[in-house]
Amino acid sequence: MRQPSPRLERPDAWGTSRASRLFPGWWLAHADLHNHTRLSDGAGDPRLAFASMREAGLDVAALTDHSRWASAFLNVRKAPGWTGIDARAWRQTIDLAEAANADGEFVALHGFEWSHAAYGHMNVWNSQGFTDPLRTAPTMSRFWRWLERNGADGLAGFNHPGTGRLRFAGFAYQPVHAQRLVSLELFNKLEEYLFKDTDRGGQSPLCQCLNAGWRVGLLGVTDEHGADWGRPDGKGRAGLWVRELTRAGVLEALSARRFFASRVKGLRLDAALTSLAGGDPPRRARMGTAVAHPGGPVRIEVDLDRGQAWQGRRLNLQVLRPGERLPALAATMDVTLPGPQDPVASLELDLDPADGDWVVLRVTDPADPPDPRAPGEWARLGRGIAYTSPFWLERP
């Protein structure tokens, strides 16, 4: 088995072990993949951003300044930051990521945030080129064509869903981008997007996206616009499960949807779903992957930890299934955070692929107040603090 990067062999900055108790040989890297500087509409010097995030305990970070309509200046003169990045700013973003990247210790990614007032915002990471809404106007299909023809070397994700009134053209599914469209933000800054617009009769972005057919993982991000990158508490972040702390290892984890969304620093979350309906041996899957399941009983196992500081803390685990306005709550279970030798939490329940193909696990803290938009039983579960990427049920 390949040895992990030295940083991964040590507990993280908050004292939590990085080793998965469900899948030995995989290690947790803490990430923030959505940050801004004054290259667009942020307040901070881009030359300081990666160092700030590394010092704050992050293992992986990305700069993703907005692209808007700086191309109107045709690179004749430097575009004002509020118009988004131009070619000069894009080259600087790449150069800063290259200088900050240190395989084995810290992974730095470059990216941009395609920022359309009507359709919404999307991140693209690790592409050599960039575009903006002015060059891909007037419809979102122009952006999809750019991503296919010019951005094929990058990975993309849906950002803070609901910013644009058209919400990515209703999350209209694009099969050609199914593999490289890897993420949906559910925590952005201080907000949880599960309930976005549902208090006004709208559909949860989680349901709208996954029901449309996208197989995306779930991200938390700070979307930092200040100059204290990586430091504020309570903002979103992500956990990636990697074998090595390298740029290649991080991009592979993103492509595999092997990550979770959190807004608690130092949280470790891993999950497995095993079909118990026939099959020899039982079919077991990790979050972000598909599992053959004809219907019937499954076992869900969860490795959840926050180090000694949270030992004995009671949280709640929910199993979310497809729904129209909000997901269906298939099961809920109280979980007490363990010591290092305690078994992982597990539950068994029946799941039928006929009810929809996706399964998401959500973790809440009942001691904290819920989202004010949370209705009924959702409100009684407390504040959302983490999501696994989905599992997908497939009939054998």
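Given the structure is predicted, the values throughout are model-derived calculations rather than measurements.
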_Short side-chain to backbone donor-acceptor contact, Thr388 and Leu361, under 3.5 Å_ = yes

*If you take all heavy atoms of Ala328 and Pro322, which pair is closest and at what distance?*
CB-O, 3.8 Å

_Between Thr198 and Gln203, a side-chain donor and acceptor under 3.5 Å_ = no

_Leu210 side chain reached by Val216 side chain, heavy atoms, under 4.5 Å_ = yes

_With Tyr387 via ring pair (Phe, Tyr, Trp, His ring centres under 6.0 Å) - residues at least two apart_ = Phe187

_Could you tell me if His121 and Glu113 have a donor-acceptor pair between their side chains, going purely by distance under 3.5 Å?_
yes

_Six-ring centre of Trp26, Arg243 cation under 6.0 angstrom, axis tolerance 45°_ = yes

*With Asp59, which of Arg54, Arg237, Arg18 fulfils salt bridge (charged side-chain N to carboxylate O under 4.0 Å, His left out)?*
Arg18

*With ring centroids as reference points, do Trp125 and Phe112 lie under 6.0 angstrom apart?*
no

*By salt bridge (Lys or Arg N to Asp or Glu O under 4.0 Å), which residues pair with Arg299, not counting sequence neighbours?*
Glu348

*Between Arg38 and Asp65, is there a salt bridge with N-O shorter than 4.0 Å?*
no

*In terms of side-chain heavy atoms, does Ser40 have a donor or acceptor partner in His66 at a distance below 3.5 Å?*
no

_Side-chain heavy atoms of Arg313 within contact of Arg306, under 4.5 Å_ = no

*asked:* Assess, by modelled atom type and distance only, whether the side chains of Ser52 and Asp228 contain a donor and an acceptor separated by less than 3.5 Å.
replied: no

*Distance-only side-chain donor-acceptor flag, His36 / Glu224, under 3.5 Å*: no

*asked:* Could you check whether any side-chain N or O of Ser67 sits under 3.5 Å from a backbone N or O of Thr131, counting only pairs where one atom can act as donor and the other as acceptor?
replied: yes

*Any side-chain donor paired with an acceptor under 3.5 Å for Asn188 and Glu191?*
no

*Check step by step if side chain to side chain contact (heavy atoms under 4.5 Å, CB included) holds for Asn316 and Val363.*
CA-CA 6 Å; Asn316 189 269; Val363 180; over 6 Å; no

*Student check: side-chain heavy atoms of Pro370 and Leu381 closer than 4.5 Å*: no

*Short N-O contact, Asp334 and Arg314, less than 4.0 angstrom*: yes

*Check the pair Asn159 / His34 against side chain to side chain contact (heavy atoms under 4.5 Å, CB included), numbers first and verdict last.*
CA-CA 9 Å; Asn159 293 356; His34 187 163; 3.4 Å; yes

*Salt-bridge test for Arg286 and Asp270: reply yes if a basic N is under 4.0 Å from a carboxylate O, no otherwise.*
yes

*Atom CZ in Phe158, atom CG in Leu219: separation rounded to 0.5 Å?*
12.5 Å

Identify each donor-acceptor pair in which a side-chain atom of residues 97-104 lies under 3.5 Å from a protein atom, sequence neighbours left out, and give them as a table.
unit_1	atom_1	unit_2	atom_2	d
Glu98	OE2	Arg247	NH1	2.6
Asn101	OD1	Ala108	N	3.0
Asn101	ND2	Asp103	OD1	3.1
Asp103	OD1	Arg247	N	3.4

*May I ask you to say whether Asp352 pairs ionically with Arg395, meaning some side-chain N is under 4.0 Å from a carboxylate O?*
yes

_Using a 3.5 Å distance criterion without hydrogens, assess whether the side chain of Ser255 forms a donor-acceptor pair with backbone atoms of Leu251._
yes

*Under 4.0 Å between a Lys/Arg side-chain N and an Asp/Glu carboxylate O for Asp223 and Lys235?*
no

*asked:* Determine whether the aromatic ring centres of residues Trp82 and Trp69 are separated by less than 6.0 angstrom.
replied: yes

*Would a distance-only check, ignoring hydrogens and angles, find a side-chain to backbone donor-acceptor pair under 3.5 Å from Trp214 to Phe171?*
yes

_Main chain of Gly162, side chain of Asp197: is a donor-acceptor contact present, judged purely on distance under 3.5 Å?_
no

*What pairs with Arg215 under salt bridge (Lys or Arg N to Asp or Glu O under 4.0 Å), at least two apart in sequence or on another chain?*
Asp357, Glu394

*Closest heavy-atom pair and its distance - Pro390, Gly217*: CD-CA, 4.1 Å

_Pair Asp303 + Arg21: basic N to acidic O under 4.0 Å_ = yes

_Heavy-atom pair with the smallest gap, counting every atom of Gly384 and Thr364_ = CA-CG2, 3.7 Å

*Mark yes or no for whether Thr37, through its side chain, and Leu39, through its backbone, hold a donor-acceptor pair below 3.5 Å.*
yes

_Close side-chain approach of Ser17 and Pro11, heavy atoms under 4.5 Å_ = no

*Arg263/Asp233 ion pair, N-O < 4.0 Å*: no

_Contact check, side chains of Thr332 and Leu317, non-hydrogen atoms, under 4.5 Å_ = no

*May I ask you to say whether Asp305 pairs ionically with Arg268, meaning some side-chain N is under 4.0 Å from a carboxylate O?*
yes

*Decide, yes or no, whether a salt bridge links Arg258 with Glu252 under the criterion of side-chain N to carboxylate O below 4.0 Å.*
yes

*Side-chain heavy atoms under 4.5 angstrom apart, residues restricted to Ile, Leu, Val, Met, Phe, Trp, Tyr: same cluster for Leu206 and Phe168?*
yes

_Ring-ring centroid check Phe23 Trp241, cutoff 6.0 Å_ = no

_Starting from Trp14, can I reach Leu304 by hopping between I/L/V/M/F/W/Y residues whose side chains sit under 4.5 Å apart?_
no

*asked:* Looking at Thr289 and Ala285, would you say the former's side chain and the latter's main chain have a donor-acceptor pair under 3.5 Å?
replied: no

_Glu55/Arg231 salt bridge by N-O under 4.0 Å criterion_ = yes

*Examine distances only and state if a side-chain atom of His177 and a backbone atom of Arg180 form a donor-acceptor pair shorter than 3.5 Å.*
no

*Measure across Ala386 and Leu267 and return the closest heavy-atom pair with its distance rounded to 0.1 Å.*
CB-CD2, 3.7 Å

*How close do Ala374 and Ala379 get, heavy atom to heavy atom, and via which atoms?*
O-CB, 3.5 Å

*Leu329 versus Glu377: any side-chain heavy-atom pair under 4.5 Å?*
yes

*Between Phe143 and Trp114, is any pair of side-chain heavy atoms under 4.5 Å apart?*
yes

_Minimum heavy-atom separation for Pro297 and His293, please, with both atom names._
O-CE1, 3.5 Å

*asked:* Keeping Asp368 on the side-chain end and Gly382 on the backbone end, is there a donor-acceptor pair under 3.5 Å?
replied: no

*asked:* Under a 4.0 Å threshold between the charged nitrogen and the carboxylate oxygen, would Arg362 count as salt-bridged to Glu192?
replied: yes

_Residues clustering with Val176 (ILVMFWY side chains joined when closer than 4.5 Å, directly or via others)_ = none

_Donor-acceptor contact below 3.5 Å, side chain Arg142 vs main chain Ala137_ = yes

*If you link ILVMFWY side chains whenever their heavy atoms are less than 4.5 Å apart, which other residues fall into the same cluster as Met53? By chain and number, please.*
Leu48, Phe50, Leu58, Leu63, Leu96, Phe106, Trp229

*If the plane angle is over 60° it's perpendicular, under 30° parallel, otherwise tilted; pick one for Trp90 and His110.*
perpendicular

_For a 4.5 angstrom cut-off between non-hydrogen side-chain atoms, does Gln208 reach Ser204?_
no

*Please step through side chain to side chain contact (heavy atoms under 4.5 Å, CB included) for the pair Leu33 and Thr64, ending with a clear verdict.*
CA-CA 8 Å; Leu33 299 175; Thr64 54; over 6 Å; no

